K.L.:
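Let me begin by handing over the structure; questions about it come next.
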Amino acid sequence: MIKRAVLVLFVSGLCVGCDQVTKGIAREGLDGGRAISYMGDFLQLQLAENYGGMLSFGSSLSGEHRFLILTVFVAIALTGFFLFALLSKKMTTLQIISISLVLGGGLGNLIDRLLNDGAVIDFLVVGIGNVRTAVFNFADVAILLGALVLLVARGKSSSPTDQMPPQQLEP
């Protein structure tokens with residue numbers, strides 16, 4: 001249990017630290033609205049405040065509703081992730097790491113909401129030509145990576161053929 005707690009705290013703490021440092025650098029070094037391009041315009045740095053969730057979902061809600069959904073509900077969900085990562089007995093190390101990535105990314109964005117009047121600092125855009133992502137941050141990358149790794153890890157630990165009884169063929 002102690003090893004698991006150390007792993008969860010280390011991975012999620014590393015995510016929060018990287019997220020907050022990169023957001024601080026973005027706040028200090030980027031001019032709001034103007035994009036800086038790198039790698040042949042594949043990567044753009046552009047400072048943005050996001051009052052909603054992913055893809056600005058919920059940004060048009062009232063301040064009270066945004067606070068309840070994007071701060072209170074997220075804090076409760078992250079507490080659940082933390083407890084699940086610590087207490088679930090059937091999780092592999094890879095699954096624990098993936099949940100820790102989601103937890104760390106969620107905490108990074110939650111810290112932003114608490115310190116920036118409900119806004120999350122976003123600053124990364126990737127794409128080719130006119131096909132581009134929405135503006136995102138390191139926390140979003142950690143959440144997405146954690147979710148993808150968890151899906152892959154779950155798929156490897158239990159395939160559908162392992163769970164289904166063998167079928168009898170009728171003549």
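Note that the structure is a prediction, hence the values are computed from the model and not measured. Below, all heavy atoms of this structure are taken into account, side chains as well, without hydrogens, waters or symmetry copies.
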K.L.:
Sort out for me which residue in D140, L150, L101, V102 forms a side chain to side chain contact (heavy atoms under 4.5 Å, CB included) with L145.
P.N.:
L101
K.L.:
Any chance you could measure I25, atom CD1, to I121, atom CD1, to the nearest 0.5 Å?
P.N.:
13.5 Å
K.L.:
So if you build clusters from Ile, Leu, Val, Met, Phe, Trp, Tyr with side-chain heavy-atom gaps below 4.5 Å, do F42 and V125 land together?
P.N.:
no
K.L.:
For a quick test of reading the model, state the closest non-hydrogen atom pair linking A35 to Q44 and the distance between them.
P.N.:
CB-OE1, 4.1 Å
K.L.:
Does the pair I97 and V149 meet the rule for a side-chain contact (heavy atoms from CB on, under 4.5 Å), with working shown?
P.N.:
CA-CA 9 Å; I97 290 170; V149 170; over 6 Å; no
K.L.:
Within the 3.5 Å criterion, strictly below it, is a donor on N50 or N109 matched to an acceptor on the partner's side chain?
P.N.:
no
K.L.:
Can you name the nearest heavy-atom pair linking Y51 to R113, along with the distance?
P.N.:
O-NH1, 3.6 Å
K.L.:
Heavy atoms only: give me the nearest V8-A85 pair and the separation to one decimal.
P.N.:
CG2-CB, 3.9 Å
K.L.:
Between D41 and R132, is there a side-chain heavy-atom distance shorter than 4.5 Å?
P.N.:
yes
K.L.:
Over all heavy atoms of both residues, which pair between G53 and L70 is shortest? Give the atoms and the distance, please.
P.N.:
N-CD1, 3.8 Å
K.L.:
Cluster question for you: counting only ILVMFWY and a side-chain heavy-atom cut-off of under 4.5 Å, with indirect links fine, are L144 and L103 together?
P.N.:
no
K.L.:
Evaluate the side-chain proximity of V152 to L148: yes if any heavy-atom separation is below 4.5 Å, no if none is.
P.N.:
no
K.L.:
With the side chain counted from C-beta on, respond yes when V120 and N137 share a heavy-atom pair under 4.5 Å apart, and no when they do not.
P.N.:
yes
K.L.:
Atom SG of C15 and atom CZ of F138: how far apart are they, to the nearest 0.5 Å?
P.N.:
5.5 Å
K.L.:
For residues L107 and L78, determine if any side-chain heavy atom of one lies less than 4.5 Å from a side-chain heavy atom of the other.
P.N.:
yes
K.L.:
When clusters are formed by joining ILVMFWY residues with side-chain heavy atoms under 4.5 Å apart, either directly or through shared neighbours, do M39 and V135 land in the same one?
P.N.:
no
K.L.:
Show your reasoning for whether side-chain contact (heavy atoms from CB on, under 4.5 Å) applies to F123 and T22.
P.N.:
CA-CA 9 Å; F123 60 93; T22 56; 3.6 Å; yes
K.L.:
OG/S98 to CG/L151 distance, rounded to the nearest 0.5 angstrom?
P.N.:
8.5 Å
K.L.:
Rounded to the nearest 0.5 Å, what's the gap from OG1 on T93 to NZ on K3? Could you check?
P.N.:
10.0 Å
K.L.:
Which atom pair, heavy atoms only, marks the closest approach of R27 to D112?
P.N.:
NH2-OD1, 3.9 Å
K.L.:
Below 4.5 Å, heavy atoms only, C-beta onward: do L68 and F73 meet side chain to side chain?
P.N.:
no
K.L.:
When you look at M1 and L87, which way does the side-chain contact (heavy atoms from CB on, under 4.5 Å) test go after all the steps?
P.N.:
CA-CA 8 Å; M1 177 75 127; L87 302 175; 3.4 Å; yes
K.L.:
Quick one: does L30's side chain get under 4.5 Å of I36's, heavy atoms only?
P.N.:
yes
K.L.:
When rounded to the nearest 0.5 angstrom, what distance separates NZ in K23 from CG in L115?
P.N.:
10.0 Å
K.L.:
Can you get from V141 to V16 by hopping between Ile, Leu, Val, Met, Phe, Trp and Tyr side chains that sit under 4.5 Å apart?
P.N.:
no
K.L.:
Can you confirm whether more than 12 heavy atoms, excluding those of F81, are under 6.0 Å from its CZ atom?
P.N.:
no
K.L.:
Are V74 and F67 joined in one hydrophobic group, where the rule is that I, L, V, M, F, W and Y side chains link up if heavy atoms are under 4.5 Å apart?
P.N.:
no
K.L.:
Report yes if the side chains of L45 and L124 come closer than 4.5 Å at any heavy-atom pair, otherwise no.
P.N.:
yes
K.L.:
Using a cut-off of 6.0 Å, state whether more than 12 heavy atoms not belonging to I128 lie near its atom CD1.
P.N.:
no
K.L.:
Could you walk me through whether T71 and L110 pass the side-chain contact (heavy atoms from CB on, under 4.5 Å) test, one step at a time?
P.N.:
CA-CA 6 Å; T71 305; L110 184 62; 3.8 Å; yes
K.L.:
With rounding to the nearest 0.5 angstrom, report the CG to CD distance, D122 to Q46.
P.N.:
10.5 Å
K.L.:
I want to check something: taking the side chain as every heavy atom from C-beta on, are I143 and M54 in contact at a cut-off of under 4.5 Å?
P.N.:
no
K.L.:
Determine the minimum heavy-atom distance between A119 and E49, stating which atoms define it.
P.N.:
CB-CB, 4.1 Å
